[in-house]
Amino acid sequence: MKTNTPPVRASLQFYNSLTRHKAPFHSENGRQVRMYTCGPTVYNFAHIGNFRAYMFEDVLRRTLRFAGYDVLQVMNLTDVDDKTIRGSLQAGVPLKTFTQPFIDAFFADLRSLNIEPAEFYPAATDHVPEMIALIQRLFANGLAYQSEDGSVYFKVSAWPSYGKLAHLDLSGLRAGARVAQDEYEKESVGDFALWKAWDEQDGDVAWDSPWGRGRPGWHIECSAMGMKYLGETFDLHTGGIDNLFPHHENELAQSEGATGKPFVHVWMHCAHLRVNGEKMSKSLGNFFTLRDLLARGYAGRELRYVLLNGHYRQPLNFTFDAVEAARTSLARIDEFVDRLRETAASTPADPELPGWVAEIQRQFCAALSDDLNVPEAMAALFALVREGNSAMQNGSLRPSEAAATLAQVTDMDGVLGLISFGRRDARAMPADVAALLEARGAARQAKNWAESDRLRDEMARLGWEVRDGKDGQKVKKL
RNA sequence: GGCGCGAUGGCCGAGCGGUUAGGCAGAGGUCUGCAAAACCUCGUACAGCGGUUCGACUCCGCUUCGCGCCUCCA
């Protein structure tokens, strides 16, 4: 069915970390948008702070699709670095054996949050040849050198635009507060590793390269894999704000240093998640993985709601109160959708939307188009809920209009991903509950309210809620 | 020290130079046998002090408090 989505495509605008301004978004390839999103380092279970970033990227992706674009998204899996190597050594298993369960867990977590899958999830260990090739190009351009220990570094001093993303200047870097003492083999403290020579702590994790055995640096993996799947120049690159420096700055320098072309048009960064107003940390006891929260009985969609409902460039405060509020809010939305369905029955949707629905839809689009203002988009959704309920209550919403409204809600949910996901199935009523329902109906007919209430309580004890409306009893699985 | 961000009613959380954000919680009401749901009404919120302005939560400055990055943490 064709929905009445206004053309937001022309009006999308995003804040670009590179320019520090909002600007209208244009893809390089017309209909297709190519985006690279920094993925997890798979040495552990991801925590909810990580998922705030992945949620932001999900909204971005869904908004682009909503606006009519085809999205080609890459999310890398960092499966070789200090932490993964350390973990595998401690566990006494090969690297891949160590990381695989965390990769599986990561995908399971994405599913429980209804985060749409990316098109590609390349693993670093599968792309070492591409990284080596890229480093060779940097050598050819005079931007890389090998130190005495065999490691290869990027020569920041040879790349004048270094610092343009993080807006840092090199003199500041040199005076940096944290200068590692063991970095003497670098020519300059600002230089970063492209290739790390093997040392004992790497165990058997090593690849052959023109510079001897070793392993790739962290930054080079994103450059190599981004280019492999998206080309040497692409539209969007996202990540958490803490990736901005040094990771993204380094990636940018490497990539443009190798190709001589612009690497990414728009860089977008998501602010941190806080928990009860504090930074999440193990010592504060407020460090939660997604699994921790699911185990506490919170549903994925409730957590999705919480993670979604803030502007991505603003720190978001995670509280358990907020999850409780999300639960109630979702119940209201669910209630509304059910009611629309009942009102619509199987009536075909009006081709014309009721005026007030069209207006709300317009606001919804405008909010998202303006640098992904999800809270405002949510406000529009709730305006629809309120006015829709009101119209259904006074009987002024015709079934065909209800059907059209439902189609709009479904359309909006393409971005929000809240409605058609994660609701407990309305399982078939067990025979005992059905019997109670029937008995209650009879009691009600006889105006035996005491018996009616008793049966309602009994059903509640079995996990079924019953409500009385104009057209009889309605049952819902709790 | 450098670069940057924030302080909104009980909680979460948008926003704008002058007109309601929204959600949750709370109070009252309508409906209902009751309950639930739904709808209606209700909060003199914009850290403090100055300034600009006819008018500032919204711009500027200062102060206080909090936060992020400054070599591998989303």
Side-chain angles (χ1 to χ4, degrees), chain A residues 20 37-41 46-57 78 81-83 156 163 166-169 171-173 175-180 183 186 189-193 217-219 238-247 249-250 269-274 277-280 305-306 309-311 313-333 335-336 338-339 363 367 373-383 385-394 444 447-450 452-453 456-457 460 465-470 474 476:
Chain A
R20 296 190 173 177
T37 49
C38 281
T41 300
H47 58 71
I48 50 169
N50 297 315
F51 286 109
R52 150 80 141 165
Y54 304 134
M55 191 64 73
F56 142 65
E57 287 151 0
T78 299
D81 79 322
D82 292 348
K83 286 172 292 199
V156 168
H167 301 91
L168 289 175
D169 78 52
S171 53
L173 254 181
R178 284 197 250 157
V179 178
E183 306 281 28
K186 292 196 247 178
V189 284
D191 293 351
F192 54 90
W218 177 38
H219 315 296
T238 69
I241 187 70
D242 46 349
N243 275 160
L244 198 144
F245 193 88
H247 184 229
E249 187 69 55
N250 292 172
H269 295 94
C270 169
H272 278 265
L273 181 80
R274 284 198 279 239
E278 296 173 301
K279 183 172 176 169
M280 188 164 42
Y305 187 104
V306 172
N309 207 186
H311 188 100
R313 283 195 289 121
Q314 230 42 55
L316 181 70
N317 190 19
F318 180 90
T319 64
F320 289 105
D321 282 351
V323 192
E324 298 292 341
R327 179 172 294 180
T328 317
S329 303
L330 283 164
R332 184 138 96 94
I333 294 169
E335 204 75 50
F336 173 62
D338 289 346
R339 206 167 168 186
Q363 289 167 5
N373 193 332
V374 175
E376 269 199 8
M378 290 295 290
L381 176 66
F382 278 103
V385 170
R386 193 180 341 101
E387 296 191 30
N389 272 326
S390 185
M392 285 188 281
Q393 187 153 301
N394 67 32
R444 295 183 61 73
K447 297 204 190 291
N448 183 350
W449 306 127
S452 167
D453 292 351
R456 177 167 59 200
D457 290 345
E465 181 190 59
V466 60
R467 289 186 200 159
D468 305 303
K470 283 207 166 70
K474 278 187 189 162
K476 198 172 117 187

Between A:Arg386 (CZ) and B:C40 (P), how many Å, whole number? 7 Å

Whether A:Phe192 and A:His219 hold their rings parallel, tilted or perpendicular, with breakpoints at 30° and 60°: perpendicular

What is the distance from CG of A:Asp242 to P of B:C5, rounded to the nearest Å? 17 Å

Counting distance alone, no hydrogens or angles: does the base of B:G23 have a donor or acceptor under 3.5 Å from a partner atom on the side chain of A:Arg332? no

Euclidean distance, atom CZ of residue A:Phe318 to atom P of B:G23 [Å, nearest integer]: 21 Å

Is A:Trp449 stacked against the base of B:G33, taking the criterion as centroid distance under 5.5 angstrom and interplanar angle under 30°? yes

Main-chain N/O of A:Ala166 paired with A:Glu249 side-chain donor or acceptor, under 3.5 Å: yes

Would you say A:Lys83 places a side-chain N or O within less than 4.0 Å of OP1 or OP2 belonging to B:C73? yes

Provide the Watson-Crick or G-U wobble partner of B:C39, both distances under 3.5 Å; none if there is no partner. B:G29

Between the side-chain atoms of A:His311 and the base atoms of B:A14, is any donor-acceptor pair under 3.5 Å? no

Taking atom P of B:C67 as reference, at what distance in whole Å does atom CG of A:Leu273 sit? 16 Å

Using both distances under 3.5 Å as the test, list the Watson-Crick or G-U wobble partner of B:G66, or none. B:C5

